[in-house]
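Here you go, one structure.
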Amino acid sequence: METVESYAIRSVDRSEVLRYLGYAGQTLSDELGARIDAGMARCLEVGRPRGCVRVFEVAGHEVVDGVPVLRLADCALELRGHSIAAHLDGAVAVGVLAVTAGLGVDAELRRLSLTDPVAQVVVDAAGSALVERAADAAEARVVAAAVSRGLFCGSRFSPGYGDLPLETQPTLLAALDAQRRLGITLSSDLLMTPTKSVTAVVGLFEEPRGVARMSCADCPCRDFCLLVRAGRTCGR
């Protein structure tokens with residue numbers, strides 16, 4: 001299964017933007033509240049969220065120098081580390097995703113750095129919230145693919161989390177052909193451009209993950225869920 005698509009994201013969660021801004025319950029003036037709303041609107045205006053998703057079968061497991069390694073079929077991507085091994089324990093396939101808010105957000109941040117540093121900080125936070133919404137949309141595609149196979153999804157996990165090395169990024173992006181399809185490139189220190197980009201993996205399992213079943217109302221993917229639109233649920 002493979003998809004490359006644009007996402008029609010018309011809003012971001014204001015509370016998430018505030019969280020990225022470091023908000024901890026302080027009183028917001030009307031002026032600052034208006035600037036935050038304006039920055040969110042501007043980010044949505046210049047952003048072009050897109051994503052690519054592929055599902056790979058698990059090809060095998062091994063231990064190299066004491067470190068667990070999960071290998072995927074039909075690509076060079078290997079997932080190394082104890083934390084990712086625990087996260088994907090029992091997975092029969094893995095959804096791999098990359099999403100970006102687009103170069104328009106980067107261009108706006110550069111412009112605002114010269115003209116309005118306060119607005120720059122707000123748009124930066126809104127861009128982070130926007131790309132996470134794009135990641136939710138991409139994850140919804142993985143969930144739908146899992147259900148079509150009678151499988152269940154775990155949660156997404158990104159390079160740099162736990163002991164999954166950031167050095168995983170080049171092979172992950174190559175597995176998706178993300179430079180050609182999404183315009184995502186890597187610097188020598190493994191930072192992505194556009195800067196508001198996210199990569200992640202999601203395990204597909206034969207049994208539900210977690211102790212408590214997540215309700216559709218609480219699911220971060222609910223706004224993009226193909227199953228809900230069809231009157232179904234995934235049973236996560």
Side-chain angles (χ1 to χ4, degrees), residues 1-13 16 19-20 47-58 70 72 75 77 79 83-84 86-102 127-162 164 168-169 172-173 175-176 178 181-182 184 192 194 196-210 212-230 232-236:
M1 169 265 182
E2 180 175 6
T3 64
V4 181
E5 58 190 327
S6 298
Y7 304 122
I9 299 174
R10 298 181 177 85
S11 66
V12 292
D13 189 331
E16 280 296 289
R19 183 175 68 83
Y20 285 117
R48 296 293 183 270
R50 300 184 69 234
C52 181
V53 176
R54 287 189 69 184
V55 175
F56 297 93
E57 304 303 311
V58 171
L70 184 150
L72 302 181
C75 71
L77 178 60
L79 302 172
S83 54
I84 192 64
H87 192 76
L88 296 178
D89 184 34
V92 297
V94 175
V96 181
L97 65 91
V99 296
T100 181
S128 296
L130 176 59
V131 76
E132 286 298 326
R133 289 276 285 165
D136 292 338
E139 186 178 341
R141 287 291 182 183
V142 180
V143 172
V147 170
S148 72
R149 297 174 52 176
L151 300 174
F152 301 86
C153 276
S155 55
R156 61 181 184 258
F157 198 103
S158 293
Y161 289 6
L164 178 63
T168 305
Q169 294 283 43
L172 188 157
L173 291 170
L176 298 174
R181 289 171 167 159
L182 302 177
I184 297 176
M192 288 185 284
K196 300 305 179 182
S197 299
V198 167
T199 61
V201 298
V202 181
L204 280 66
F205 304 87
E206 293 180 339
E207 300 292 336
R209 300 287 281 178
R213 177 175 171 174
M214 183 185 296
S215 70
C216 290
D218 296 329
C219 181
C221 301
R222 65 187 182 277
D223 292 338
F224 311 101
C225 185
L226 304 177
L227 301 171
V228 167
R229 295 176 198 171
R232 303 174 61 193
T233 62
C234 67
R236 293 177 77 174

Determine which pairs satisfy salt bridge (Lys or Arg N to Asp or Glu O under 4.0 Å) with at least one residue from residues 90-99, sequence neighbours left out, and list them in order.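 The answer is none; no pair qualifies.
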task: Would you check if Arg156 and Asp136 make a side-chain contact, meaning some heavy-atom pair closer than 4.5 Å?
output: yes
Side chains of Val202 and Val143, heavy atoms from C-beta outward: is any pair under 4.5 Å?
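The answer is no, as the side chains (C-beta and beyond) never meet within the 4.5 Å cut-off.
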Of all heavy-atom pairs linking Leu172 and Pro159, the shortest is CD1-CG, 4.0 Å
Q.
Taking the side chain as everything from C-beta on, heavy atoms only, tell me whether Leu151 gets closer than 4.5 Å to Glu206.
A.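 Side-chain contact under 4.5 Å: yes.
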Q: Using a 4.5 Å cut-off on heavy atoms from C-beta on, say whether the side chain of Phe157 contacts that of Leu79.
A: no
* To do: Could you grab the distance from atom CG of Leu204 to atom SG of Cys153, nearest 0.5 Å is fine?
  =>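 If I round to the nearest 0.5 Å, the distance is 4.5 Å.
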Looking only at heavy atoms, the pair that brings Phe56 and Ala175 closest together is CZ-O, 3.9 Å
Check: Thr199 side chain, Ala98 main-chain N or O, donor-acceptor pair, under 3.5 Å: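 Looks like no, no N/O pair under 3.5 Å.
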Quiz item: To the nearest 0.5 Å, what is the distance between CG (Asp13) and CD (Glu132)?
Solution: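 Rounded to the nearest 0.5 Å, the CG-CD separation comes out at 12.0 Å.
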Original post:
Can you name the residues that form a salt bridge (charged side-chain N to carboxylate O under 4.0 Å, His left out) with Glu2, not counting sequence neighbours?
Top reply: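 Per chain and number, Glu2 pairs via salt bridge (charged side-chain N to carboxylate O under 4.0 Å, His left out) with Arg54, Arg181.
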- Message: As an exercise, state the distance from OG1 of Thr100 to CE of Met192, rounded to the nearest 0.5 Å.
- Response: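 That separation rounds to 8.0 Å.
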For this session: Using side chain to side chain contact (heavy atoms under 4.5 Å, CB included) as the criterion, point out the one residue from Ile84, Asp89, Leu88 that pairs with Leu70.
Result: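 For Leu70, the side chain to side chain contact (heavy atoms under 4.5 Å, CB included) test succeeds with only one of Ile84, Asp89, Leu88, which is Leu88.
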Do Val92 and Val58 come within less than 4.5 Å of each other through their side chains, counting heavy atoms only?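 With C-beta onward as the side chain, the pair stays apart.
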Measuring only between side-chain heavy atoms, which start at C-beta, is Met1 closer than 4.5 Å to Arg149?
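No, every pair of side-chain atoms sits at 4.5 Å or beyond.
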Point to revise | Closest heavy-atom pair and its distance - Gly95, Val142 | key: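 Gly95 and Val142 have their closest heavy atoms at CA-CG1, 4.1 Å.
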On a heavy-atom basis, the closest approach of Ser158 and Ala200 is OG-CB, 3.5 Å
Here the gap from Glu57 atom CD to Cys75 atom SG, rounded to the nearest 0.5 Å, amounts to 11.0 Å
| query | Just by distance, do the side chain of Arg209 and the backbone of His87 share a donor-acceptor pair under 3.5 Å? | reply | yes
Q.
Quick check: do Leu176 and Leu182 have side-chain heavy atoms less than 4.5 Å from each other?
A. no
Item to complete: Count the heavy atoms belonging to other residues, nucleotides or ligands that lie under 6.0 Å from OH of Tyr161, then report whether that count exceeds 12.
Response: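 At most 12 heavy atoms, drawn from other residues, nucleotides or ligands, come within 6.0 Å of this atom.
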Margin query: Tell me the closest heavy-atom pair linking Ala91 and Gly203, and the distance in Å.
Written below: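 Scanning both residues, the minimum pair turns out to be CB-CA, 4.3 Å.
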Between Val198 and Ala135 the two heavy atoms that sit nearest each other are CG1-CB, 4.4 Å
* Flag side-chain contact, heavy atom, 4.5 Å: Ser128 against Glu16 -> no
Separation between CZ (Arg48) and CG (Leu130), nearest 0.5 Å, reads 10.5 Å
